[in-house]
Amino acid sequence: MTRHTLSEQFFRDQAQHSASGGLSSVLNRISLVGRMLAAEIMRAGFVGKLGYTGTTNVQDENVRALDVISNDIVLQVFESMPMMAGIASEEMEDIHLLPEGENGKYLLTVDPLDGSGNVDVAGQMGTIFGIYRRQSSGKATLADFLQAGTNLVAAGYVLYGPCTMLVYSAGGPVNGFTLDRSIGTFFLTHPNLRIPEGEGSYSVNEANEGKWDARTQAMVRTFRTQQTRCGKRSARYAGALVGDFHRTLLKGGIYMYPGEAKKPEGKLRLLYENAPLAFVCEKAGGAATDGKQRILAITPQKLHQRTPLYIGSKGDVEEVHSLLHD
Ligand code: F6P
Ligand code: MN
C-alpha cells in the first residue's frame with residue numbers, strides 16, 4: 001500500500017490549486033505546531049501543566065497553562081519565517097508582526113488551543129488555522145487581517161484526540177492526515193472528504209436554551225424531537241468546536257452555536273474559528289452561515305469579532321434557515 005505523506009500533499013496543492021510558492025512551507029510549519037502540541041498535551045498531566053494560570057485573556061476567559069504554551073509554540077514556530085507577515089491569535093489582543101516578515105505575503109489567523117476546557121478531562125482539543133494572502137506591502141496592519149473568508153488561501157485544523165489528525169484544504173479537496181507518533185509523520189488517511197447528507201448528529205449546548213430567542217428555541221427543539229425533514233439526528237456535544245466539527249464533517253449533521261438574546265453575536269470568533277472551518281466545510285460540499293448569511297462572505301470589522309455559527313451538511317443548514325426565517 002502506498003502511504004502518502006502530508007509533505008507530498010503540500011507540494012501537490014502548490015502545483016494544482018494555484019497556491020503560490022511558499023504555501024507548502026507555511027503548511028509544513030502548521031504540521032510542526034500540531035506535532036509539538038500533541039506531545040505537550042500528552043505529557044501535560046505529568047509535568048504540572050493542567051489547570052489555570054490565574055489570569056484572563058482579551059476575551060475575558062480564564063487562561064489555562066496549555067493555552068499559553070500553545071500560543072508560544074505558534075509564535076516560536078513562525079518566528080523566523082519571512083513569507084509570514086503576521087499572526088492574529090485568540091490569545092493575543094493585537095496582531096503580532098513577525099520580525100522577518102515585512103515583505104511576507106501571508107497572514108495567519110489561529111486559535112492555538114480550541115476547546116482547552118477539555119484539557120483537564122483528557123477530552124478532544126484542536127488548533128484552528130486560516131492562511132490569507134496580504135493585500136498590501138510594507139508592515140502588515142490590522143486592516144490587512146480584516147478579510148472575508150472567501151479570501152482564504154488555505155484553512156484547516158489539527159485535532160488532538162485518541163489520535164492526532166490534520167485536516168485542511170488549500171482551495172482544492174479537503175484531505176485528512178493522521179499522525180504516526182512513532183515516526184512523527186502525518187499520513188493521508190482520509191482523502192477527498194465529502195460531508196454526508198441526510199444523516200449524522202446535531203450538536204449544540206442545549207443548556208443555553210433559556211438564553212435563546214423563541215425562534216431559536218423552537219428550531220433546536222425540532223432537531224431534539226427528531227422532527228426535521230432532513231431526517232433523525234442524534235445529539236452529540238464534545239464541548240470543543242474542532243471535535244464537534246470533525247465528527248460533523250465525517251458523519252454529517254450540524255453544529256450550532258446560536259446568538260443569544262443578550263449576546264446576539266454568539267460566542268465563537270469569525271477570523272480564527274468560524275471562517276477557517278466554514279472554508280473546510282464548503283470545500284467538502286457542506287455549508288456554514290451565521291443564521292442570516294454565508295460565514296465566508298462576512299468581512300470582519302474587528303479582530304476578535306464573534307458571529308453565531310451553523311455549520312454542517314447543506315440540507316441541515318438550509319433547514320435551520322427555514323426554521324429560523326419562514
Ligand atoms: O473556543 C470556544 C469553545 O471552547 C469551543 O471550542 C467550544 O465549542 C465552545 O467554546 C464551547 O462553549 P460552551 O461551553 O459555551 O458550550
Ligand atoms: Mn476556540
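Whatever order the structure lists ligands and atoms in, that order sets their numbers, starting from 1.
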Please work out, at 4.0 Å between heavy atoms, whether the side chain, the backbone, both, or neither of [X] comes within that distance of ligand 1.
| X | answer |
| --- | --- |
| Arg269 | side chain |
| Asn205 | side chain |
| Val242 | neither |

Does either side chain, that of [X] or that of [Y], offer a donor lying less than 3.5 Å from an acceptor on the other one?
| X | Y | answer |
| --- | --- | --- |
| Asp213 | Thr216 | yes |
| Tyr257 | Asn208 | yes |
| Arg35 | Ser31 | yes |
| Ser136 | Asp144 | yes |

Considering only heavy atoms of [X], which atoms of ligand 1 have at least one such atom less than 4.0 Å away?
| X | result |
| --- | --- |
| Glu273 | 1 (O), 2 (C) |
| Leu241 | 5 (C), 6 (O), 7 (C), 8 (O) |
| Leu268 | 2 (C) |

Check this for me: does any side-chain nitrogen of one of [X] and [Y] sit under 4.0 Å from a carboxylate oxygen of the other?
| X | Y | answer |
| --- | --- | --- |
| Glu209 | Arg224 | yes |
| Glu265 | Lys302 | no |
| Lys251 | Glu199 | no |

Of the listed options Tyr272, Tyr237, Tyr255, closest to atom 11 (C) of ligand 1 (non-hydrogen atoms):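 It is Tyr237 whose heavy atom sits nearest to atom 11 (C) of ligand 1.
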
Output field: ring centroids Phe187/His4 closer than 6.0 Å: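 Between His4 and Phe187, which both carry aromatic rings, the centre distance is not below 6.0 Å.
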
Residue-ligand contact Gly117/ligand 1, heavy atom below 4.0 Å: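 Not so, Gly117 does not reach ligand 1.
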
Whether Asp244 lies under 4.0 Å from ligand 1, heavy atom: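 It does not; every heavy atom stays at 4.0 Å or beyond.
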
Count, waters excluded, of protein N, O or S atoms under 2.8 Å from the Mn ion (ligand 2):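 Near the Mn ion (ligand 2), the number of protein N, O or S atoms below 2.8 Å is 3.
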
Ring geometry between His246 and Tyr157 (parallel below 30°, tilted from 30 to 60°, perpendicular above 60°):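 Taking His246 first and then Tyr157, their aromatic rings stand perpendicular (interplane angle over 60°).
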
Show me the donor-acceptor pairs, under 3.5 Å and distance only, between side chains in residues 279-291 and residues at least two apart or in other chains.
from   : atom 1 : to     : atom 2 : distance (Å)
Glu282 : OE1    : Arg294 : NE     : 3.3
Glu282 : OE1    : Arg294 : NH2    : 2.9
Glu282 : OE2    : Arg294 : NE     : 2.8
Thr289 : OG1    : Gly291 : N      : 2.9
Thr289 : OG1    : His321 : NE2    : 3.0
Asp290 : OD1    : Lys292 : N      : 2.8
Asp290 : OD1    : Gln293 : N      : 2.7

